[in-house]
Amino acid sequence: VHAHLQKARMLVSLQQLDEGRKEYQTALTLEPETPKTLNERSLVGIQRVQAYRGLADICRQQQKHEEGVGYLVKAKAIDLASSKTFSVPPSTDLLAELASMYALAGKNAEAIREYDDLALYPGREISALQEMARLCDLVNDVDRARNAYRRAALRSKDPVAQLLQGGPL
């Protein structure tokens, strides 16, 4: 599986997207031996997430956003299961990718939901709230956009936001 993932990444970097797609799909179809340990199960999950994310990247480059959403939803499900098993937070990069792909596919409500979830994670909250606010503006949800912008400003310690809230500078 590892060799197919490496080859796929190399092919994609060379813009040989169809060949890269085949390698990622091959990596997904290979059935590993039944993982015996938690670490082996983790590795299988990580490899599957990498393959799905690679396929989604190809879809993004080929403007096949709906298909890309499908791959990222599968990757998210695996990642969430792994995060529960190992008591670690999910991949915020993956959540951001999914939100972005939803937006590119024109699924703004789903993108907003993903950005709202992403805003719960320290280090990602400001950019997630800003993207969420931008999408809310696009769908004319002015109150929700204003609230998201306000939350982002407060988290960034923006002095203007503090003044708007009546707080000290």
Side-chain angles (χ1 to χ4, degrees), residues 1-139 148:
V1 174
H2 179 71
H4 288 284
L5 291 173
Q6 278 188 313
K7 186 174 181 182
R9 283 190 284 270
M10 189 238 355
L11 289 167
V12 171
S13 74
L14 296 172
Q15 292 300 303
Q16 296 176 13
L17 302 181
D18 292 333
E19 293 83 0
R21 177 185 293 269
K22 289 175 189 171
E23 289 297 324
Y24 281 127
Q25 289 169 333
T26 299
L28 287 168
T29 59
L30 293 175
E31 287 298 320
E33 291 182 29
T34 304
K36 296 173 183 69
T37 67
L38 209 50
N39 285 342
E40 288 174 349
R41 281 193 307 215
S42 172
L43 179 60
V44 169
I46 289 168
Q47 289 173 331
R48 292 195 179 285
V49 167
Q50 289 174 350
Y52 284 128
R53 287 177 81 176
L55 287 166
D57 180 52
I58 290 169
C59 289
R60 181 187 305 267
Q61 291 182 54
Q62 294 178 330
Q63 305 294 309
K64 296 178 181 179
H65 303 117
E66 288 275 341
E67 184 181 343
V69 163
Y71 291 129
L72 290 174
V73 166
K74 290 176 183 180
K76 179 184 175 184
I78 295 167
D79 185 62
L80 288 176
S82 294
S83 70
K84 288 178 184 174
T85 300
F86 295 101
S87 299
V88 295
S91 166
T92 56
D93 288 341
L94 175 57
L95 298 175
E97 275 182 65
L98 178 57
S100 174
M101 190 70 80
Y102 270 132
L104 289 170
K107 296 183 173 194
N108 292 329
E110 292 87 345
I112 290 167
R113 184 187 68 239
E114 293 295 332
Y115 281 124
D116 199 25
D117 289 347
L118 185 59
L120 299 173
Y121 297 96
R124 296 307 291 256
E125 67 269 23
I126 296 169
S127 61
L129 288 167
Q130 290 170 337
E131 283 301 311
M132 184 176 122
R134 186 184 63 76
L135 287 172
C136 288
D137 273 342
L138 281 175
V139 297

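All of these numbers come straight from a predicted model, not from anything done at the bench. We count residues from 1, following the sequence as given.
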Looking at [X] and [Y], what are the two nearest heavy atoms and their distance?
X	Y	answer
Gly68	Ala56	O-CB, 3.8 Å
Leu135	Ala111	CD1-CB, 3.5 Å
Thr26	Thr29	O-OG1, 2.9 Å
Gly20	Ile58	C-CD1, 3.8 Å
Ala119	Ala128	N-CB, 3.8 Å
Tyr115	Ala96	OH-O, 4.3 Å

With rounding to the nearest 0.5 Å, note down the distance linking [atom1] in [X] to [atom2] in [Y].
X	Y	atom1	atom2	answer
Ser127	Leu118	OG	CG	6.5 Å
Tyr71	Cys59	OH	SG	5.5 Å
Arg113	Met132	CZ	CE	12.5 Å
Asp117	Ile112	CG	CD1	12.0 Å

Answer yes or no: is there a side-chain heavy-atom contact under 4.5 Å between [X] and [Y]?
X	Y	value
Leu95	Tyr121	yes
Gln50	Tyr24	no
Ile46	Ile78	no
Glu19	Lys22	no
Lys7	Arg9	no

Could you pull out all donor-acceptor pairs under 3.5 Å where a side-chain atom in residues 97-106 meets a protein atom, sequence neighbours excluded?
{"unit_1": "Glu97", "atom_1": "OE2", "unit_2": "Arg53", "atom_2": "NE", "d": "2.7"}
{"unit_1": "Glu97", "atom_1": "OE2", "unit_2": "Arg53", "atom_2": "NH2", "d": "2.2"}
{"unit_1": "Ser100", "atom_1": "OG", "unit_2": "Arg60", "atom_2": "NH1", "d": "3.3"}

Open item on the list: Regarding Gln61 and Gln15, do their side chains bring together a donor and an acceptor under 3.5 Å, going by distance alone?
Closed with: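 Result is yes, a qualifying pair exists.
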
TODO: Scan for salt bridge (charged side-chain N to carboxylate O under 4.0 Å, His left out) pairs involving residues 119-139, sequence neighbours excluded, and state none if there are none.
DONE: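 Only Asp93-Arg124, Glu131-Arg134 qualify under salt bridge (charged side-chain N to carboxylate O under 4.0 Å, His left out).
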
Open item on the list: Suppose the criterion is salt bridge (charged side-chain N to carboxylate O under 4.0 Å, His left out): which pairs have a residue in residues 73-85, not counting sequence neighbours?
Closed with: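 The answer is Lys76-Glu114.
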
Open item on the list: side chain to side chain contact (heavy atoms under 4.5 Å, CB included), that's the test. Do Leu28 and Leu55 meet it? Break it down for me.
Closed with: CA-CA 10 Å; Leu28 287 168; Leu55 287 166; 3.6 Å; yes

TODO: Step by step, work out the side chain to side chain contact (heavy atoms under 4.5 Å, CB included) result for Lys107 and Glu66.
DONE: CA-CA 9 Å; Lys107 296 183 173 194; Glu66 288 275 341; 3.3 Å; yes

TODO: With side chain to side chain contact (heavy atoms under 4.5 Å, CB included) as the test, would you mind laying out the steps for His65 and Gln63 before giving the verdict?
DONE: CA-CA 6 Å; His65 303 117; Gln63 305 294 309; 3.3 Å; yes

- [ ] Would you check, one step at a time, whether the test side chain to side chain contact (heavy atoms under 4.5 Å, CB included) holds for Gln25 with Arg21?
- [x] CA-CA 6 Å; Gln25 289 169 333; Arg21 177 185 293 269; 3.7 Å; yes

